[in-house]
Amino acid sequence: MITTEPIQPDCRALVLFGATGDLARRMLWPSLYALDCEGLLPGDFQLVGTASSPLGDAEFISRVQEAIRSSANAELYDETRFAAFARRICYVSVKVAEPGGLAPLARALRAGEGGVIFYLSTGPQLFAPICTALRDAGLVDAKSRLVVEKPIGTDMASARLVNQVMGTSFAESQVFRIDHYLGKEAVQNLLALRFANAIFEPLWNATAIDHVQITVAETVGVGGRWPFYDATGALRDMVQSHLLQLLCLVAMEPPAGFTPSAVRNEKVKVLWSLRPITHETVATHTVRGQYTAGFSEGAAAPGYLSEAGAAPASDTESFVALKVEVDNWRWAGVPFYLRTGKRLQVRSSEIVIQFKPAPFNIYASVGQVLAANTLLIKLQPEEMITLSLMHNKPGLNEVRLGEVPLNLSLNGAFAGNRRRISYERMLLDVLRNNSALFVRRDEVEASWQWIDGIIEGWRATGQKVKPYPAGSAGPTAAIALTERHGHSWHE
Ligand code: BG6
C-alpha cells in the first residue's frame, strides 16, 4: 500500500534498461516523477537511463520532461519540481552484447551503501543477456534488485531457461516480475474485500457461487506491434499473465499474512489446481478469434491482417475465451469464464462473481422474478465494486421487486484522490523490497505449463481463429461457450 512513511535508503539508484522505449515514456518516467513529487524517493537516489542509442544527458532529460508532460501524470508537472527530479537523472549508452559494454554504466553509478535496482523494460529476448552482462560487469551484489516486465519466455521451456539464467545472477528474493494488473487500485480493493471483511468468506465457494467471469476487453488494435503480437497472440499476451493472476486473486485461499511468501504460496496453489485443457477439450473449452475490418469508437478500423506491418495471412488469435475449471474443494464445479480481445466494442476490465439464485421464490405467486446476486469488480475504465441486490420498489399497491446496485467503491469516500498509474505502486514496492504483488518463478512456470497444454491442443486439433468485426463483442462462438452451460456474459 502507498503510505507516506519515509523510505529506508537501502537502494541508492535505479537503472532503467530500455529508457527511451514506449513503456518507459508512457508509464515509468511519469511514475518515478510522481513518487519523487510525493517525497517517496530517497534523497540522493540516482536515476540512470540506458539504451543503445547515443544521447547526451540534456537531450535525454528533455525527452523525460516531454514524456511526463504528455502522460497521465501531466497534472503533477511543475518546472521547479521537475528541475529537482532532473538532477537525479543521467543517461548512458550501453552495448549489452559486447564485452565491456556495460563499463559506461559502471562509471555512471555513484558509489554508496544502498543497492541498485535494475529495471529491464526491454524486449524479453534481452532479459537473460542483460542479467549475465550485469553479473560479468561486477554490478550485482546482495543488495541489488532486478525488475522484469512480461513476458518471461514464450512457453514453459523458454520461461524456465530465462528464469535459470536470471537465477545465476540474482537470488529469487531479489527478482521482481511485474504484472502491472496487480498494481491497479481495484485489485487492491479486491484483496481488501476478500481478506479484510468477514462477510464474504462464508459465501466465497462452490456452495454460494454459480460461476465467475473475468473479462479484459480492449478497443485498441495491435497498432504498431504487429510482428511481436503475431508471434504471441492473446492467450500468451494476456491470459498467461493478467487474466490468470486475476483468477488467482479471486480463487486463492486466505494467505497466512500479507507477506510475499504467504500471498504467492496461495496463488501458485490455484495455478496447480487448474484442470488442464487438452486436445480432447479445446473445442468445447476455448474459442479463438481474429478481428476483421469494422468500426471502432466511431471510426473505420482495419482488420488484423491489414494492420501496418501485417503478413497476408495469419492464424494468430486477437481474442480468446476460455471455460476454466479449478479442481479443488472450494471451487469444484464452478466455471471460471475468461475472455480477452483487441478491437472489441468497449474498453472494459472486470471480474463478475455470479452468486446462485435464491433457493425458492416466495414472490412467484405475485408474478415476481428474482435475479441472482452479482458482485461486479470493475478495474477499467473506472474502478468500482458493486453488489446487486433485490429490493422492493416503493409503492402501496403491489409487490414490485427490482435489482439495485450497492456501490462498494471507494471513489466517493476518497473523492479528490489522484488516480495513480499502477506502476507507481509497483515501483514503490520494489523500493520497499515488498514482492507480495510480484510474480514468483513457480507461478510463471505453472501458468506456462497450463497455457502450453492449450496451445498444444490447438495445434493437435487444428483449431482455427473465428473472425469477428472490429467494434463487436467478439466471435459468436464465445457466446455459445457460456450459453451451453446456461450462463451469459455480463455486458
Ligand atoms: C499488456 C499487453 O501487458 O497489457 C498489451 O501486452 C495490452 O497487449 C496491455 O494492451 C493492457 O494493459 P492495460 O493496463 O491498458 O489494460
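Start at 1 and go down the list; that is how both ligands and their atoms are numbered.
In terms of the side-chain hydrogen bond (donor to acceptor under 3.5 Å, both in side chains) criterion, His485 has no residue partners (sequence neighbours excluded). With sequence neighbours left out, the ring pair (Phe, Tyr, Trp, His ring centres under 6.0 Å) criterion links Tyr33 to Phe85.
With salt bridges taken as basic N to acidic carboxylate O contacts below 4.0 Å, one links Glu253 and Arg330.
Near ligand 1, Lys150, His180, Tyr181, Lys184, Glu218, Arg225, Asp237, Met238, His242, Lys342, Arg347, Gln380 each place a heavy atom less than 4.0 angstrom from the ligand.
Panel note: side chain Lys267, backbone Leu249; no donor-acceptor pair is recorded below 3.5 Å.
For residues 151-160, the side-chain hydrogen bond (donor to acceptor under 3.5 Å, both in side chains) pairs, not counting sequence neighbours, are Thr154-Ser158, Asp155-Ser158.
If you run salt bridge (Lys or Arg N to Asp or Glu O under 4.0 Å) between Arg418 and each of Glu75, Glu38, Glu185, only Glu38 comes through.
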